[in-house]
Amino acid sequence: MKKLIVPFLMVFSTGCFAQENEINTVIQQWHKAAADANFEAYFGLMTDDAIFIGTDPTENWNCTDFKAFAKPYFDKGKAWSFSGLERTIFVEENTALAWFDELLDTQMGICRGSGVLQKTEKGWKIKHYVLSIAIPNENVKEITALKEKFDTDLMQKLRADKN
């Protein structure tokens with residue numbers, strides 16, 4: 001397995017880490033397409049069966065549902081703007097899968113993203129992405145208190161739905 005940590009100010013030499021650079025470029029283009037509100041480019045960089053898991057516990061979308069959620073934001077000319085602070089890319093040799101984690105500068109402060117890419121006939125595409133708000137450990141107690149009612153209500157609903 002190859003691992004590449006990508007500080008965003010690093011310059012890569014030509015031909016070095018070609019596959020990892022290609023993956024990094026896809027992720028950067030994906031984030032830029034959201035910032036530019038380019039719906040077709042954004043979703044064109046995802047597989048048709050992609051999953052997007054957002055920061056809210058109810059946000060676990062297949063690609064079709066995520067498109068429906070996101071379309072009004074893109075139509076307004078401003079989706080979301082995430083810029084990378086650091087990214088680590090992992091590629092298993094002789095497979096068509098890669099995965100990554102990243103820290104992002106967002107309108108929510110620092111977030112963590114992680115995802116899986118699949119190599120397709122049209123190049124690398126995002127197959128699965130998880131976005132999380134990064135909470136410093138010293139703030140967990142106060143954040144837990146802030147979301148206690150929401151979490152309790154949702155847990156009760158989810159437990160009832162299982163029965």
Side-chain angles (χ1 to χ4, degrees), residues 6 8 19-20 22-92 95-136 139-140 143-163:
V6 182
F8 284 86
Q19 189 161 246
E20 291 88 345
E22 185 180 339
I23 292 165
N24 187 56
T25 299
V26 167
I27 299 165
Q28 288 178 294
Q29 288 173 341
W30 188 60
H31 288 313
K32 184 175 182 337
D36 294 343
N38 186 334
F39 186 86
E40 295 303 321
Y42 185 82
F43 286 98
L45 291 168
M46 297 175 75
T47 62
D48 292 337
D49 63 346
I51 300 293
F52 186 99
I53 299 175
T55 58
D56 187 291
T58 64
E59 296 176 334
N60 187 334
W61 291 298
N62 63 40
C63 196
T64 300
D65 292 343
F66 187 47
K67 283 180 179 180
F69 166 81
K71 184 98 168 84
Y73 294 95
F74 281 83
D75 287 349
K76 288 178 187 171
K78 177 111 173 87
W80 43 87
S81 183
F82 300 165
S83 59
L85 298 169
E86 71 176 26
R87 181 175 297 131
T88 307
I89 296 170
F90 303 87
V91 180
E92 189 71 37
T95 70
L97 292 176
W99 57 100
F100 67 98
D101 61 76
E102 60 186 357
L103 284 179
L104 300 163
D105 178 355
T106 79
Q107 69 274 11
M108 299 172 282
I110 295 176
C111 285
R112 177 166 303 282
S114 61
V116 175
L117 292 97
Q118 181 175 28
K119 190 161 194 171
T120 71
E121 292 177 4
K122 295 180 181 180
W124 289 98
K125 294 196 178 224
I126 294 172
K127 186 169 187 68
H128 191 272
Y129 190 78
V130 179
L131 179 66
S132 304
I133 298 174
I135 307 293
N139 299 120
V140 168
I143 298 301
T144 301
L146 281 172
K147 63 190 205 92
E148 182 177 17
K149 180 173 178 2
F150 180 91
D151 286 359
T152 299
D153 292 346
L154 183 57
M155 286 187 289
Q156 286 175 348
K157 180 190 178 310
L158 293 170
R159 286 180 183 130
D161 290 349
K162 282 173 56 176
N163 296 330

Specify the closest pair of heavy atoms between [X] and [Y], including all atoms of both residues, with the distance to one decimal.
| X | Y | value |
| --- | --- | --- |
| Tyr129 | His31 | OH-CE1, 3.7 Å |
| Leu104 | Gly113 | CD1-N, 4.4 Å |
| Ala34 | Ala79 | O-CB, 3.2 Å |
| Ile126 | Ala50 | O-CB, 3.6 Å |
| Lys127 | Gln118 | NZ-OE1, 3.4 Å |
| Phe150 | Pro57 | CE2-CG, 3.5 Å |

Crowded around [X] [atom1]? As in, over 12 foreign heavy atoms under 6.0 Å?
| X | atom1 | answer |
| --- | --- | --- |
| Leu154 | CG | yes |
| Phe69 | CZ | yes |
| Lys125 | NZ | yes |
| Gln107 | CD | yes |
| Asp48 | CG | no |

Nearest 0.5 Å, what's the [atom1]-[atom2] distance between [X] and [Y]?
| X | Y | atom1 | atom2 | value |
| --- | --- | --- | --- | --- |
| Ser83 | Lys32 | OG | NZ | 12.5 Å |
| Thr88 | Asn24 | OG1 | CG | 10.5 Å |
| Leu103 | Ile110 | CG | CD1 | 6.5 Å |
| Ile23 | Gln28 | CD1 | CD | 12.5 Å |
| Lys147 | Ile143 | NZ | CD1 | 9.0 Å |
| Phe100 | Glu20 | CZ | CD | 14.0 Å |

(message) Please evaluate residues Trp80 and Phe74 with respect to the criterion ring-ring contact (aromatic ring centres under 6.0 Å, His included), reporting the C-alpha separation (whole Å), side-chain torsions for both, the decisive distance (0.1 Å), and the verdict.
(response) CA-CA 9 Å; Trp80 43 87; Phe74 281 83; 5.4 Å; yes
Taking C-beta and beyond as the side chain, do [X] and [Y] meet within less than 4.5 Å on heavy atoms?
| X | Y | value |
| --- | --- | --- |
| Leu131 | Ile53 | no |
| Leu117 | Ile27 | yes |
| Glu59 | Trp61 | yes |
| Asp101 | Arg112 | yes |
| Trp99 | His128 | no |
| Tyr42 | Lys67 | no |

(message) Parallel, tilted or perpendicular: which one describes the rings of Phe52 and Phe66, with boundaries at 30° and 60°?
(response)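 Plane angle under 30°, so parallel.
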(request) Run the salt-bridge test on Lys157 and Asp153 with the 4.0 Å N-O cut-off and return the result as yes or no. (result)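 No.
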